[in-house]
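To keep things clear, I will list the structure first and then write my remarks on it.
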Amino acid sequence: MAWKLLLINALTLIRVIGTIILIPIYKSYGGLYVSILALICYLTDSIDGILARRWKVSTFFGALFDGAADKLFTIINFVVLYLITPHALIPIIFEIAIIVVLFFKFIMKLNVKSNIIGKLKVWILAMSVVLTFLVSDIKSIAFVPLKFKEWLLNISSSTLYFWLLLPTILIEFLTFSSYVLELFAPKKIKILNTPDKVLKIPELKGKSIWGKFKCIWLNPEFYNEHKNDTNLKALWKLSIR
């Protein structure tokens with residue numbers, strides 16, 4: 001069990017490392033190598049999720065770490081893309097807006113898990129980002145036919161990058177809108193369960209702070225049982241009591 005948790009979190013850590021080296025690689029080697037790095041990192045996002053579900057080792061810590069790594073990696077990708085095209089500023093604004101909405105959901109004791117639109121966003125965003133990086137460095141890609149290169153280069157760069165990023169802009173808007181609707185939905189819809197029953201869990205009684213932390217944040221059984229019952233704010237308060 002322990003090695004499975006370590007492996008999954010190590011895959012998430014790859015995205016953190018990728019975030020750190022993204023800008024230096026772009027400045028040193030260009031869009032082709034950054035597109036390869038982005039593709040690898042986005043694949044780790046899918047692989048760690050698949051393994052966590054298959055091995056049934058999902059934890060609250062893993063979910064939080066994975067979400068934070070995704071957001072950081074996504075924003076840095078668009079910061080680099082902004083050096084290529086100003087259209088990348090739009091997804092950056094949406095990503096920051098989504099983080100703000102999720103923060104308000106957090107303090108309002110709502111569930112902050114990604115909805116189906118947010119999960120779909122990752123796939124669309126990955127394809128859009130990788131393609132945009134590739135096109136930005138199209139001249140240095142040897143395996144691309146010359147006629148196709150010439151066709152792309154004859155298109156206005158502003159128009160080309162806009163159409164490449166348009167799917168991301170649209171899904172960012174839909175994701176943001178869906179989270180806002182969840183934020184302002186009627187209470188009977190937005191409140192799943194109160195944290196009261198979690199606060200009364202027998203196995204937490206008498207445990208040290210570290211013991212509670214392990215039970216709440218690093219325990220797959222606890223995650224599977226309570227992932228839809230409470231919110232991170234209540235869990236954090238519970239883990240330090």
Side-chain angles (χ1 to χ4, degrees), residues 1-22 36-77 95 98-99 102-103 105-106 109-123 125-126 129 175 179 192-193 195-241:
M1 178 73 74
W3 71 267
K4 291 178 180 179
L5 285 171
L6 286 173
L7 175 60
I8 289 169
N9 286 310
L11 288 171
T12 304
L13 185 61
I14 290 175
R15 291 199 298 286
V16 177
I17 296 172
T19 301
I20 296 171
I21 64 176
L22 196 67
I36 295 172
L37 173 63
L39 180 60
I40 291 171
C41 289
Y42 281 121
L43 286 175
T44 65
D45 186 25
S46 297
I47 293 170
D48 63 15
I50 292 170
L51 292 178
R53 289 188 293 272
R54 178 170 296 181
W55 290 339
K56 298 181 180 179
V57 291
S58 298
T59 63
F60 278 109
F61 173 80
L64 183 62
F65 184 32
D66 182 73
D70 288 348
K71 287 295 179 190
L72 185 61
F73 184 69
T74 294
I75 290 174
I76 296 301
N77 264 288
E95 281 295 321
I98 288 171
I99 291 172
L102 291 176
F103 174 75
K105 289 181 71 176
F106 171 83
K109 303 180 180 180
L110 304 180
N111 197 297
V112 295
K113 290 197 308 178
S114 296
N115 58 25
I116 186 66
I117 300 177
K119 292 176 181 178
L120 177 63
K121 184 192 76 168
V122 176
W123 291 95
L125 187 149
V129 165
T175 304
Y179 288 155
L192 300 175
N193 281 307
D196 294 343
K197 69 177 184 178
V198 177
L199 294 172
K200 297 176 182 177
I201 293 175
E203 58 264 32
L204 295 180
K205 292 181 179 179
K207 284 187 178 289
S208 64
I209 291 178
W210 173 240
K212 289 180 179 178
F213 180 86
K214 288 193 297 182
C215 182
I216 293 171
W217 293 95
L218 302 176
N219 187 339
E221 292 180 2
F222 186 91
Y223 175 84
N224 290 326
E225 185 177 355
H226 300 289
K227 60 185 177 181
N228 294 319
D229 290 346
T230 187
N231 55 81
L232 293 177
K233 186 177 181 180
L235 284 176
W236 177 252
K237 287 182 178 180
L238 181 59
S239 64
I240 61 176
R241 288 185 179 182

_Between CG on residue Asn115 and OG1 on residue Thr175, distance to nearest 0.5 Å_ = 7.0 Å
_Distance (rounded to the nearest 0.5 Å) between Ile8 CD1 and Arg54 CZ_ = 11.5 Å
Show the atom names and distances, to 0.1 Å, of all donor-acceptor pairs under 3.5 Å that link a side chain in residues 36-49 to residues at least two apart or in another chain.
{"unit_1": "Thr44", "atom_1": "OG1", "unit_2": "Arg15", "atom_2": "NH1", "d": "3.2"}
{"unit_1": "Thr44", "atom_1": "OG1", "unit_2": "Cys41", "atom_2": "O", "d": "2.5"}
{"unit_1": "Asp48", "atom_1": "OD2", "unit_2": "Thr12", "atom_2": "OG1", "d": "2.9"}
{"unit_1": "Asp48", "atom_1": "OD2", "unit_2": "Arg15", "atom_2": "NH1", "d": "3.2"}

Heavy atoms only: give me the nearest [X]-[Y] pair and the separation to one decimal.
{"X": "Ser114", "Y": "Lys119", "result": "O-CE, 3.7 Å"}
{"X": "Ala63", "Y": "Tyr223", "result": "CB-CE1, 4.2 Å"}
{"X": "Thr19", "Y": "Ile76", "result": "CG2-CG1, 3.4 Å"}

*Taking the side chain as every heavy atom from C-beta outward, state whether Leu120 and Ile116 have any atom pair closer than 4.5 Å.*
no
*Is there side-chain contact between Asn77 and Leu125, with heavy atoms separated by less than 4.5 Å?*
no
_side-chain hydrogen bond (donor to acceptor under 3.5 Å, both in side chains) involving Lys71 - partner list, sequence neighbours excluded_ = Glu95
*Any donor-acceptor pair under 3.5 Å linking the side chain of Asn9 with the backbone of Leu5?*
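Side chain of Asn9 to backbone of Leu5, a donor-acceptor pair under 3.5 Å: yes, one is there.
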*For Phe61, enumerate each residue passing the ring pair (Phe, Tyr, Trp, His ring centres under 6.0 Å) test, keeping only those at least two apart in sequence or located in another chain.*
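Ring pair (Phe, Tyr, Trp, His ring centres under 6.0 Å) check on Phe61 returns Phe65.
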